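Read through the structure below, which is laid out as structure tokens, and then see the notes.
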Amino acid sequence: MSLSPVEDIALSEFSPGTVAEPAAPGSGFVGRSPGQLAWARLRRDRVAMVSGGVLVFFFLVALAAPLIQWAYGTDPQQQFQDSLDLYGMPLGYAGGVTGSHWFGLEPSLGRDIFIRMVYGLRTSLFIALAAGVITTVIGVLAGVLAGYAGGWLDAVIGWVTDFALAMPFLIVALALVPTVSLRFYGPREAVPSSFRVAVLITVFALFGWTSAARLVRGQVVSLREREFIEAARASGVSTAHMLFRQVLPNIWAPILVSFSLAVPSYVTGEAVLSFLGVGIVDPTPDFGAMIFRSIHYLQTDPTYVFFPGVTIFILVLAFNLFGDAVRDALDPRSNR
Amino acid sequence: MSTDPPNAVPLLAVQGLAKHFPVREGFGSRILRAVDGVDFEVRAGETLGLVGESGCGKTTTGRMLVRLLEPTAGRIRFDGRDITHLRGRALRPLRRELQIIFQDPYSSLNPRHTVGKIIAIPLQANGIRPPGGIRNRVRELLEIVGLNPEHYNRYPHEFSGGQRQRVGIARALAVQPRLVVADEPVSALDVSIQAQVVNLLRGLQRDLGLGFVFIAHDLAVVRHLSHRVAVMYLGKIVETGARADIYQRPQHPYTRALLSAVPDIERSREDRGRIRLEGDVASPLEAVSGCPFRSRCWKARDRCAVEEPALVAREGREQLVACHFPEPAPAVSTEEVRGEPVAG
Amino acid sequence: MRPRVAVAAGSAIVLFAALGACGKNTGQGTATDNNRTTTGVIATDPKDSMGPAAPVPGATKGGTFYVLRQPKINHLDPQRVYSFAGLSAAPLYSRFLTTWKDDGKGHLTLVGDLATTPGKDVKGDCTTWQFTIKDGVKFEDGSPITSKEIAYGIARSFDPDLTGGPTYLQEWLANTPEYDTAWDFKANKTSLPPGLTTPDAKTLVFTFQKPHCDLPFAASLPFTAPMPPAKDTGVNYDNQPFSSGPYKITKIVPGVQMVLERNTNWDPATDPVRHQYPDSFVWSYGADATAEANRIISDSGPDASAISWDGVPSTLTAAVAGNASLKDRTLLEPTPSANRLTINMQRVTDLSIRQALNYAIDRDDLIKALGGATVASPLTTLMPPATLGYQQYDAYPAGPNGNPEKAKQLLNGRTPELVLGVADDDQDTQIGTQVKNNLEKAGFKITVKTIPQDSKLDETKKKNNPWDLYIDTWGADWPSGASILPPLFDGRTIKDEGNSDTSFMNDSAINAEFDRILAMPPAQQGPEWAKLDKRIMTQDAPAVPLYVDVAFYLHGSKAGGLFIGSVFGYPEFVNAFVKP
Amino acid sequence: MLRFLIRRVLSATLVLFAISVLTFLMFFALPRDPVTSMCPKNCNPARLERVRAELGLSDPLYQQYAGYMKGIVLGRDLNSAEGGHCAAPCLGYSYINSEPVSRTIARVLPVTLSIVIPAAVLWLALGVGLGMVSALRRGSVLDRLAIGFSLTGASLQIYFVGAVLLLVFTYTLHLVPVPHYTSITQNPADWASGLVLAWVTLAFLFSAIYARLSRAQMLETLSEDFIRTARSKGLPKFRVYGQHALRAAITPIVTIAGMDIGGALGGTVVTETTFGIQGLGRTTWDAVREGDLPTLMATVLIAAVFIVVANIVVDIVYAFIDPRVRLG
């Protein structure tokens, strides 16, 4: 699947210069960085390209939601209750799938599933990505500090990690959201969904960083024993240089993988929170909330379950596959 | 073969150096005495060979010398200054004078940096601005260690093990140190490459007047570089002296055993007189009583179990040995010190 | 290869979900009979109060009847029973002063249970009520039930530790809402609260300082169940009630199950309503409504003689109501629980806006949003059809989908900006969306404000709460306008918090009407309440009546004798039996 | 080791203490007034105040907290409405459930244990086994199937898989009884059949993650020098893989398993909700929603205890399987 570094080394052993990019004569030798090599490997990996393409597609859909709405001609808030039967279930075949409602209608409120999914992806992906980035940054900082500094700092960060892990997530979320929204919004003001999004991201940030921190700490502890770290120390480099130039570039692979796993878990986690009334509430379209709600209609409106269900499956699968591919590309040894 | 006589003033002086690691086993906790009271001196331009089996504490000693490990006890003086417990900023000037070459050429180079950057980092970190610019200095260094200076932008994975070790050497040389601790710099390399690197180091020793603490697990590699040799066993120096003395008249049984294991292509296997050590190495975790080597020593007597032999001169020579029953006469057949490297 | 295998495996699983998505929904289904009304009388003939109850056609003795319910019943102690589940289960193991004879079709008769008649208004002014206890009524250990044990039961309901139960009798006897400070049960265990006397073992007399014509109704609540003082274990009585009914509790595994077995000391000849067909009843807890419904649909093993107490969830109604083979295993009745869009009259002072809201409401689509006809049934009156003397009317006729044009006309170009408070759970926020979209079509500007679910009730009950609109439910304790209109609209009761008059309506003319009707004999009040209902809606429009809850239950093929009670709208077990 | 243990236990105690304080404070930040649930339908402000005073809810927070903690350690006297004296460890009395909290816990804890422990055994055996085998038979059909399985499992959600399994195996095919809990001591067969769907669902999703992880770990370990050395020394394949490689590969799995199992024991809200089984997770959720402080405190603390204990156990197990690790 990918050219292993062993082959690279072997090649350079015999004829130095042949692995380098065919440089123009006289321009000097330019080596290819591990990053460039990884990118090259990634480009040759069909799975990576397909899953990456799927992810790009989802992001584009989310970004282009208003454009899609314009072309599709239906508003995410528009109700088509005339197309529901007296139990609030969509009329017609397969949950109300028609030429104008591609994925059918929601039971009860009778809104168009397709356009709500498009907008819902926008909300959910934004929350998941933002939470993913924030937790990864916090986790990496905490992990690098704990792993590299050791001693009391490690102990304190370890303690905080334990604390965050054992903290009652639900209670904090349930207590935080109304309290905070009361502080910012009057009793007659609707809480805008942007605020709820921010609160959700905060809640995830409070709890989600621990796994990244643990992972990074472990990596750093083992890196700390590597001789190039000692070499840098013997060279008298500063701590900042040590952390950001020596350590960090070597743990990108696990960080990227944990990020690629964290993002889909926030999409689904957000679904649970929405269900508990802490997350995004109606009428804001939200993919996670939609999935959780649809599950209850498994027996009566399978179409409603099918489209969001398949979409989240593909989304998470694409994240997983892409994450694996990135890891393989960055760290080919693990797949050797 | 080195020519300059050793300088009279010691550049590096080590006294009673010790490193103890706490080790937890099951539900108990014990102390691992990796290095347990080591004394030696290195003069400017001089090379000390530090020899011993793996686990004897020689690498730990090397790490303490360049202050990558904090000594538990003892004192290290560099150029007359006590550096035993220097920290942080105070350590900076030392970094310019004392450098280290690592054993593993694969793990000692940051895979995410170009070799140019790897060599430049010590310069930048120490605020050294070479006259021709850092880039030129790096090219110069690459040339000194026998690499193509145009490989400046290459990454470590694009080099072979021997080439990488040259990069490691260039990095150590970048700040123009006075003393380099070379921690088994060739043991991870193929034999053919070993010789090239040893030759490179010899050249540097000669051309730059560098002092080395050359750590190795056998006496063969050390022979061609060292002015003096110290043999370590279980965290202690058991014998130390001038190269010729050690190789021609080893007094400690352990030194003899080590020497007998040096391959010698000129003699047949039969008359090599190889000494095979039997018995188990005493655990560095157990409290020492008597001579640490006694469990493997064929000359061990009752006295060895009771009294620990001191490292003292015997027979009025400048050769110190820690043995109650030192070898009286040259018994090993490697009579002469050969001028040529072991191989190639 | 790698992705193909993965995707294939994954798709196979996901495709499972798509199974059955092929039939066409043409909109056929069972509609709820929305016209069930309740007629009720208070028995005047003592014969009505005598047992045994008329046999249930087709009923046989034996078998075990199962009741599936998710949470356990929160109180079993009759003095603390107030939840619908408790009210449904309590008649199996306890008897009360009076009780309702209910044919399940809306015909109610209030009869004496432990008493020979549903009470005697001694002076004719509703201040003194006398009950005579029947002969032959016994506890599970065979000891006779006398007026002393009934009086003790009522007395212990004054204990503030015994939370949860209704408080009518306590407040009426003590003549103050602070009944537990007026008479301290713990300090006076051997005496009786003021106004409650037992002249002899067969006689129980209530003497009130104010007229309370509803006493016979109130006495049908479980807090009139008898209890021998020796059996009183305080708060722990919840776990071992002492039976006076046809069944006794033999086993309680908290949160898992409750087993009731025949009480041999119960004499059917004394009981006008209860039967003792099954050998035992088992309440089994834990499964949620969806699981219960699916078990009952499967109809296998013990589930064949079971009912799912939590009803058919709205997400499953299409599957149940659309399945003809289940039709004879369903119970579908509108209940007396009435839902209204309350208008906060402190804030929305303009009558024309309140009327416009009434014209604008689209009940049909709202009911679709709730889950359809098996969940809710439209309502245009304040009182539910299950009220005695009910008269159907629509003060603001606008058709099932509302009349936004008429509403706009009333608004006359104004755009009232109103805030609708809803609980922050999934269901309520969806209803908020529905109502917002609905009203905005008629020219309103609606802000939906979520209130934490747990506090929504408390917050909207506060005077000066900041919202204009909110949805309220009222389930009366007995089917009389007296227990609906005065609590909801008597402005003289308005206090700082804990209001039932959440419209905060205070109309002195209406208040006077309340007093007038309340002083009438209960049997004659019905038509007067119906008239007043219409008058309130026309004159004040303090709310938009929305819908009544619909009871939709599913039971196993061997479960018989079940019906939806006309008083509370929940399954009743007095006639239940297991088919062989 | 002993010192390490003592330090870990101290740190864990501190975590628990901090969590109890935080939960206590959070509870009072919740929008619901716990007293209203103890007051009858038509309760008024005066009565609310009185109930509040009787229950000690109008005392300063620190006093209430101290009272609660004292109850756990020494037991305490509750008022008559709460059933009088409550022996240590007293978790208080719940007005919502109208029973002492200890009784609630005694009921729901075995449920969660019964769900999680067998499921964990299943998912570890299945996941690690599959991961190992597919690593050793790299590139084979088996390996590809295992990868497909694990990617699928890792991309699905409990509520989704649970709902589909329930629909297919219970409601349509009637192969498995409706999920329910019976005590194992009462009827082991019924215990197993009532929980098997939950086990399978949890095991499917988790084993997918473990299969991925252990496959990657195993591959990495197999490429390590010491394994190659052992192989080249001619040590039997089984011994090399079974002892050396497995031992080295299993350490990260132990870490994650510890965290997963500890977390799951603290309550599997989604699983319990999906299968309608009342365990610790659902009880916690209910307690939050219903404003049931005593139950909430107890469930939160128990969940936290599971997590911190699991962490300590992981560290100890780590020290035993990987002698390189120095517990410092």
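Lettering follows sequence order; numbering is per chain, from 1. Since the model is a prediction, treat every value here as computed from it, not as a measurement.
More than 12 non-hydrogen atoms from other residues, nucleotides or ligands lie less than 6.0 angstrom from CZ of Arg224(A). The local environment of CZ in Phe57(A) is sparse, with at most 12 non-hydrogen atoms from other residues, nucleotides or ligands closer than 6.0 Å.
For Leu91(B), no part sits under 4.5 Å from any heavy atom of chain A, backbone or side chain. At a 4.5 Å heavy-atom cutoff, Arg96(B) makes no contact with chain A through either its backbone or its side chain. Within the 4.5 angstrom heavy-atom criterion, no atom of Thr114(B) approaches chain A.
Residues of residues 122-130 of chain B lying under 4.5 angstrom from chain A, judged on non-hydrogen atoms, are Pro122(B), Ala125(B), Asn126(B) by number. Proximity to chain B at a heavy-atom threshold of 4.5 Å picks out Glu227(A), Phe228(A), Glu230(A), Ala231(A), Arg233(A), Ala234(A), Ser235(A), Gly236(A) from residues 227-236 of chain A, in numerical order.
Between chain A and the options Leu109(B), Val115(B), Ile100(B), heavy-atom pairs under 4.5 Å are most frequent for Leu109(B). If you tally non-hydrogen atom pairs under 4.5 Å between each of Gly168(B), Ala172(B), Ser108(B), Pro111(B) and chain A, the highest count goes to Ser108(B).
Distance check: His113(B) NE2 to Gln246(A) CD gives 5.0 Å after rounding to the nearest 0.5 Å.
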